[in-house]
Peer 1: 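One structure, as structure tokens, below. Some questions next.
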Amino acid sequence: MAFASRRLGKELSKIHGNLPPGITLVTAEGFEEWLLDVQVLDENPIYMGKLFRLMFRFSKSYPIEPPEVTFVNTTDRPIPMHPHIYSNGIICLDLLSTQGWSPVQNVESVCMSLQSMLTGNTKNERPEGDEQFVASNRRRPRDIDFYYHDNTV
Amino acid sequence: MSSEDEFMSGMSSEEDDMLQGSDNDEGSVDDFGFDEPEPDLGYSQKDDVQAKKKSFDVNFKVFQPKDIQAQQDGLIDEVNMILDIRKEDAAILLRHFRWNKERLIEDYMDRPKKVLEAAGLGPSATGPPKLEIIRGFTCDICCEDEAGLQSFAMKCGHRFCVSCYNQYLSQKIKEEGEAARIQCPSDGCKRIIGARSLDLLVTADLRHRYHELLTRTYVEDKEHFKWCPAPDCENAIECGIKKKDLDKVVPTVACDCKHRFCFGCILADHQPAPCTLVKKWLKKCADDSETANWISANTKECPRCNSTIEKNGGCNHMTCRKCKHEFCWMCMGLWSEHGTSWYNCNRFEERSGSDARDAQAKSRISLERYLHYYNRYANHEQSAKLDKDIYNKTEKKMIQLQSASGMSWIEVQYLNSASQALQTCRQTLKWTYAFAFYLARNNLTEMFEDNQKDLEMAVEALSEMFEKNVTELAEQKLKVEIMDKTTYCNKRRIILLEDTADNLANGVWSWSTDF
Ligand SMILES: [Zn+2]
Ligand SMILES: [Zn+2]
Ligand SMILES: [Zn+2]
Ligand SMILES: [Zn+2]
Ligand SMILES: [Zn+2]
Ligand SMILES: [Zn+2]
């Protein structure tokens, strides 16, 4: 864990009280799992007045390997509606796949990418086949071969 | 990424024309050259044994690891001589051009500097790649900034510390199996890390694995080459079938290791069904697995006396032990009708649309239709396994009998041939049901169903032979019968496959769905 924890330690000291607007750190105990809240800042009607919770899980090869990032459902934090976000919180985003990940990315940059992915979205819908995927998927997000049909959304 | 994309990630047609050209120059083979013996390279001469080519057969050639290495070395030597560059650099350039020798030579003649540069071999003012210690440097991966940190940057200028580079490369090489196209770790930078930089940054064991993977890229880069997917098999197959041909042919190839697979999609042989149909069918089966998984049950009730019947062989002809009722495992109908013109086990009786008034009834009919085909598909798969089990048991007993009676081995070879025929024919039959599921009715459908029926009856008749006891099996009369039935099965399979392949090639099948 030494490699990942050294890097995460540095990230943590950098982001403490110093995150971009709309992103807040909830917990970062240990170097395995962090929780952050994300909010869309403009007046996008799909997300207005809502907070969303992100869970980051880090392997011991982070940041060489991408973190596992999902939205989690809590009493007052729903899973955001988005054509690339499944209702179980799994996100279909090239940046988080083994192929698309760069070790230069970090927790803050991932949060910002997700925030802007929500900000730019106008479709109040789930990905195609959401129900089936949620019912049948047993794989870890990074092992899923998403077809990145549209990287601009 | 979808498997389709992976398949596509070959080259443009312009490039593959050139590849063909290079193949010819290499003394390798093109579509028409497969039958010519090439004794000097030691290829297996299975072509001699092969009977005359069937319309559903495709041309292919099996290459062993040493053949693959020899081909690469040949190309490297050639480029080394023509361009007068070091062999090591020739290898890098060839990999960069995905082993397209013609294009490499042409481009190099035009603009050598640009080509070397793009392949990471540019004559830089800074000399060969080296590690540096830069004052005030912070590594963007580990965020370390201590003084004396050794770092490395390629031409793109993205600089990282040596330990991060090492971690990154070992992840790519060990975990992801990448070699020839590892990119700079920086976000969005497409710069490829060359072998010389890599040797500087990783430990000896990784270097070894890296060079092993580089060798593998030769097969992966060539559109007409594929690895045999059988576990532990190191052979590659060359076949001229292109992706755009896959709606017209089902290119089954057979490796020297005996594994038969589709060159288009790498799945086990699925003739007569074309790749796109197979993909769609498998997805449907996976999606509907909950609805259909009762097929795996090996027991059913006798339709007459309700006592439990267990299926322990591949044969679908069941006889109830209690009441002696003979019925078909698949449709539960009378077995006596299965040998006659009343045989209807393979055909799904389409009910007219007017029967189904509401949406619920319609969806029930469509489920029934799917289950009809799915059950027969799954049943042949399962029966093939049961056939194999029973053959293995029979073979063991036969060997015992042989040593007791002094029969020679060759005299029981016919059982092996029979078992092989059952396996291959059931594999074909299995896929005829997926094929039939997507087939739209037209004047050809009946012919297809008749062929399917004939093959199915031939297979069941042969499968039934294995239920005889060993002493019976050893009799001359039964031996002749089994050999005849084996020949007949194989013949029926060829008839079915030729018919489906010809119609596929001529584009005359019509489908109930778009592929
Ligand atoms: Zn570093
Ligand atoms: Zn770079
Ligand atoms: Zn093989
Ligand atoms: Zn295929
Ligand atoms: Zn009975
Ligand atoms: Zn039947």
Side-chain angles (χ1 to χ4, degrees), chain A residues 1-15 31 58-67 92-110 112-113 128-140 142-151, chain B residues 1-9 138-146 149 153 156-178 181-191 193 201-202 206 279 282-291 293:
Chain A
M1 201 71 200
F3 190 75
S5 55
R6 267 221 310 280
R7 153 82 180 248
L8 284 167
K10 297 213 179 216
E11 280 194 49
L12 196 58
S13 59
K14 194 178 153 247
I15 65 183
F31 296 117
F58 308 99
S59 76
K60 61 181 193 312
S61 336
Y62 175 82
I64 301 298
E65 266 191 291
C92 161
L93 181 66
D94 184 44
L95 155 73
L96 297 172
S97 72
T98 307
Q99 287 307 306
W101 173 255
S102 158
V104 173
Q105 302 278 5
N106 53 47
V107 173
E108 181 182 326
S109 70
V110 170
M112 286 167 70
S113 296
E128 208 183 305
D130 176 57
E131 220 168 289
Q132 213 161 58
F133 174 80
V134 171
S136 62
N137 181 56
R138 302 283 174 274
R139 283 170 302 170
R140 298 182 343 177
R142 60 154 209 184
D143 296 331
I144 303 169
D145 288 327
F146 285 121
Y147 176 55
Y148 300 105
H149 42 291
D150 181 4
N151 287 319
Chain B
M1 222 180 254
S2 73
S3 57
E4 212 167 320
D5 286 321
E6 279 167 28
F7 188 69
M8 290 281 277
S9 68
T138 306
C139 173
D140 279 341
I141 297 177
C142 62
C143 307
E144 296 291 345
D145 55 3
E146 65 193 47
L149 195 61
C156 58
H158 299 119
R159 182 169 290 279
F160 304 99
C161 80
V162 173
S163 116
C164 283
Y165 244 122
N166 187 287
Q167 292 259 4
Y168 175 75
L169 293 171
S170 83
Q171 165 82 11
K172 291 285 166 199
I173 295 164
K174 272 201 207 135
E175 308 300 324
E176 297 168 32
E178 280 195 40
R181 270 168 281 281
I182 303 177
Q183 291 179 348
C184 165
S186 189
D187 191 25
C189 181
K190 299 265 182 270
R191 186 95 199 172
I193 296 170
L201 294 162
V202 299
L206 265 186
K279 200 172 162 192
L282 291 175
K283 185 174 183 311
K284 180 165 181 58
C285 294
D287 291 350
D288 297 352
S289 62
E290 243 119 271
T291 343
N293 65 10

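In what follows, every chain begins at residue 1, and chains take the letters A, B, ... in the order their sequences are listed. The figures that follow rest on heavy atoms only: side chains count, while hydrogens, waters and symmetry mates do not. For clarity, every value in this text was computed on a predicted model and none was experimentally measured.
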Peer 1: Go through the atoms of C139(B) and report whether side chain, backbone, both or neither lie under 4.5 Å from a heavy atom of chain A.
Peer 2: neither
Peer 1: Considering all heavy atoms of both residues, which atom of K10(A) and which atom of C142(B) are nearest to each other, and what is their separation?
Peer 2: CD-O, 3.9 Å
Peer 1: Identify the two heavy atoms, one from S102(A) and one from P185(B), that lie closest to each other, and give their separation to 0.1 Å.
Peer 2: OG-O, 2.5 Å
Peer 1: Side chain, backbone, both or neither: which part of E175(B) has an atom under 4.5 Å from a heavy atom of chain A?
Peer 2: neither
Peer 1: Tell me the closest heavy-atom pair linking T98(A) and E176(B), and the distance in Å.
Peer 2: CG2-OE2, 2.9 Å
Peer 1: Counting only non-hydrogen atoms closer than 4.5 Å, does E144(B) touch chain A with its backbone (N, CA, C, O), its side chain (CB onward), both, or neither?
Peer 2: both
Peer 1: Tell me if a side-chain donor or acceptor on R7(A) pairs with a main-chain N or O of C143(B) at a distance below 3.5 Å.
Peer 2: no
Peer 1: What part of P103(A) is in contact with chain B, defined as an atom under 4.5 angstrom from a non-hydrogen atom: side chain, backbone, both or neither?
Peer 2: both
